[in-house]
*Asks:* 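Supplied in structure tokens, the structure appears directly below.
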Amino acid sequence: MLTADDNERLCQVGAGTPMGEVLRRYWVPAFPAGDLPEPDCPPIGLSVLGEELVAFRDSAGRLGVLDELCCHRGASLVYGRVEEGGLRCIYHGWKFDTAGRIVEMPNCVNPAVMERIRQQHYPVVEAGGLGWVYLGPPGTEPEFPRYPWMAAAPGELTVSELLYDCNWLQVQEGSLDSSHLGALHLDTLAATRPGRRRLGSFEFPGELWDPSARLPGGGTAEGNPSDDNAPRIVAEDTPFGFHYAAIRRTPDPSKVYVRVTALSFPYVAHIGGTGGAVIVVPRDDESCSFIGVFARRLPGAEPPADPASWRDRPWDPYPTRARALALPGQDRVAMAERKSFAGIRGGNRYQDAVVQGIGRRRRTYGRATEHLVPADAAIVRLRHLLVDSARRLEAGEAPHGLGNGYDYGQLQAASAVIDADQPWQALVPGNAGVAEVASDATTSTAGG
Ligand code: FES
Ligand SMILES: [Fe+2]
């Protein structure tokens with residue numbers, strides 16, 4: 001549990017707040033690059049870490065990210081024209097290039113003024129189907145993380161984004177939470193078998209839950225080799241942040257089922273078996289983006305569905321708004337008839353969204369009354385690294401997980417049945433884990 005003050009410190013993302021400063025020291029996966037599909041297409045508005053920004057693609061295809069409000073007299077550049085190498089404000093026509101330089105200033109004939117003023121701009125990299133922005137102090141950018149899935153051809157990458165109406169941390173905690181799979185996502189597990197998998201789908205219909213199956217899904221689900229819902233969690237720090245193993249017993253006592261999740265601190269979680277990443281990005285203190293990137297389809301999978309076919313919509317200057325999550329009602333009949341465990345249709349993301357706070361408009365989870373158990377060890381590790389990074393920054397040191405020369409192309413997640421006496425680290429040698437953290441130290445150290 002955390003005090004209200006500690007929790008606020010942990011959750012706030014704005015400039016000048018302890019965690020806001022930490023979060024600015026990493027490349028932020030800020031928007032799907034497909035939102036800017038071609039040179040000189042309409043710009044988009046972005047909210048990232050409480051900053052209001054505009055992103056555009058210039059005539060040469062380069063991305064630019066600038067402060068949203070024009071440095072002349074504050075018109076929104078989201079309404080600007082993108083033309084001939086720049087973004088032009090529609091108020092008085094000032095035109096900016098991707099580096100924020102003013103290239104035309106129709107209402108001022110003095111060229112010295114043009115030289116002196118610059119629109120605030122941010123470094124941006126396009127990779128893995130996303131636009132990545134750096135909002136930290138100029139010159140402090142860490143090396144850009146080139147994850148294995150970024151090597152996929154663009155056509156093989158599926159990028160989707162949903163906007164969640166709550167603080168980012170409770171969503172990220174859900175991504176690092178192995179022990180909810182066998183409860184909340186029981187319907188999904190029961191329907192998951194070769195040839196029927198709907199990876200990244202938003203259309204999972206809440207298929208029949210086998211009432212005879214033991215948790216989590218047991219009988220019908222090849223690919224779920226364990227019904228152990230109290231995984232042992234072992235975490236290790238790594239150059240990129242941390243990784244952890246969720247270790248489950250199997251019917252064969254000589255074997256264990258291991259899932260290794262690797263968090264490239266603090267936004268990008270790599271989860272075994274998905275071939276991509278799930279990403280949570282704070283928009284402001286009370287909203288965040290949940291982005292899924294999947295590098296390939298699993299054998300037999302159907303093509304992932306796009307939630308709202310947003311590409312076909314008329315221009316929306318804030319495309320993330322089109323992805324605001326509309327939650328389905330809970331199907332109590334299906335629950336009573338034992339056809340569904342949680343009664344939430346739409347698949348994992350919808351089920352996650354309900355419990356992570358959106359269902360009851362719990363914008364920022366207070367954490368004052370929680371009781372953590374050993375299965376929550378990865379969540380404790382996330383909080384610890386955030387809090388300790390803030391302490392380190394305030395002491396003039398580097399925060400955790402900046403890489404320090406680490407080759408992000410080696411980063412791995414895993415999902416496998418192994419011999420019980422085999423070290424799980426052998427599944428993910430590229431992660432360079434160090435300093436194992438005991439899974440029992442959970443209940444008293446959540447904040448530090
Ligand atoms: S406010 Fe943008 S050009 Fe005047
Ligand atoms: Fe989940």
Side-chain angles (χ1 to χ4, degrees), residues 160 162 164 166 170-231 233 244-248 250 257-261 269-280 290-292 294 298 301-302 304-305 307 325 327-332 334-335 337-359 373 375-376 378-379 413-415:
S160 62
L162 284 177
Y164 281 19
C166 67
Q170 60 215 49
V171 180
Q172 188 64 298
E173 289 180 353
S175 291
L176 304 175
D177 176 22
S178 199
S179 77
H180 80 275
L181 297 184
L184 180 68
H185 300 318
L186 190 55
D187 297 346
T188 313
L189 289 181
T192 301
R193 49 184 182 265
R196 299 193 62 192
R197 184 150 188 165
R198 291 172 166 81
L199 180 66
S201 171
F202 293 86
E203 295 178 337
F204 172 67
E207 300 202 11
L208 188 68
W209 174 45
D210 178 354
S212 67
R214 290 180 303 159
L215 295 180
T220 60
E222 294 172 52
N224 298 305
S226 170
D227 58 5
D228 180 359
N229 266 354
I233 306 289
Y244 72 90
I247 303 169
R248 290 175 164 87
T250 71
Y257 175 42
V258 177
R259 291 175 63 84
V260 181
T261 298
H270 296 78
I271 296 174
T274 66
V278 292
I279 298 168
V280 186
F290 190 109
I291 299 171
F294 298 106
L298 293 186
E302 293 166 17
L325 200 59
L327 288 178
Q330 191 172 26
D331 189 340
R332 287 278 169 188
M335 292 167 76
E337 292 177 347
R338 300 177 68 79
K339 290 179 179 169
S340 172
F341 176 76
I344 308 295
R345 295 179 190 278
N348 290 8
R349 286 203 197 182
Y350 289 83
Q351 294 151 7
D352 288 330
V354 166
V355 298
Q356 285 162 7
I358 301 162
V373 295
D376 298 316
I379 287 131
S415 174

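The chain is numbered in sequence order, starting from 1.
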*Asks:* Go through the steps for F290 and I279 under the test side chain to side chain contact (heavy atoms under 4.5 Å, CB included), then give the verdict.
*Replies:* CA-CA 6 Å; F290 190 109; I279 298 168; over 6 Å; no

*Asks:* CG of D177 to OG1 of T261: how many Å apart, nearest 0.5 Å?
*Replies:* 10.0 Å

*Asks:* So how far is it from I291 CD1 to S160 OG, rounded to the nearest 0.5 Å?
*Replies:* 8.5 Å

*Asks:* Go through V355 and L184 one step at a time and tell me if the side chain to side chain contact (heavy atoms under 4.5 Å, CB included) criterion holds.
*Replies:* CA-CA 9 Å; V355 298; L184 180 68; 3.7 Å; yes

*Asks:* Assess whether side chain to side chain contact (heavy atoms under 4.5 Å, CB included) is satisfied between V280 and S175, documenting all intermediate values.
*Replies:* CA-CA 9 Å; V280 186; S175 291; 4.2 Å; yes

*Asks:* Given side chains that start at C-beta, do those of Q330 and M335 come closer than 4.5 Å, heavy atoms only?
*Replies:* yes

*Asks:* Restricting to non-hydrogen atoms, name the atom on S178 and the atom on Y244 that form the minimum distance, rounded to 0.1 Å.
*Replies:* N-OH, 3.9 Å

*Asks:* Decide yes or no for I271 and V278: does some side-chain heavy atom of the first lie under 4.5 Å from some side-chain heavy atom of the second?
*Replies:* yes

*Asks:* Please give me the minimum heavy-atom distance between I233 and A375, naming the atom from each residue.
*Replies:* CG1-O, 3.6 Å

*Asks:* Ignoring hydrogens and angles, tell me if any N or O in the side chain of R248 forms a donor-acceptor pair with the backbone of D228 under 3.5 Å.
*Replies:* yes

*Asks:* Between G174 and H180, what is the shortest heavy-atom contact and its length?
*Replies:* O-CE1, 3.4 Å

*Asks:* Between I379 and Q172, is there a side-chain heavy-atom distance shorter than 4.5 Å?
*Replies:* no

*Asks:* Ignoring hydrogens, what is the shortest heavy-atom contact between Q356 and Q170? Give both atom names and the distance.
*Replies:* O-NE2, 2.8 Å

*Asks:* Quick check: closest heavy atoms across S415 and R259, and the distance to 0.1 Å?
*Replies:* OG-NH1, 3.4 Å

*Asks:* Grab the two heavy atoms, one from F341 and one from A183, that are nearest each other, plus how far apart they are.
*Replies:* CD2-O, 2.8 Å

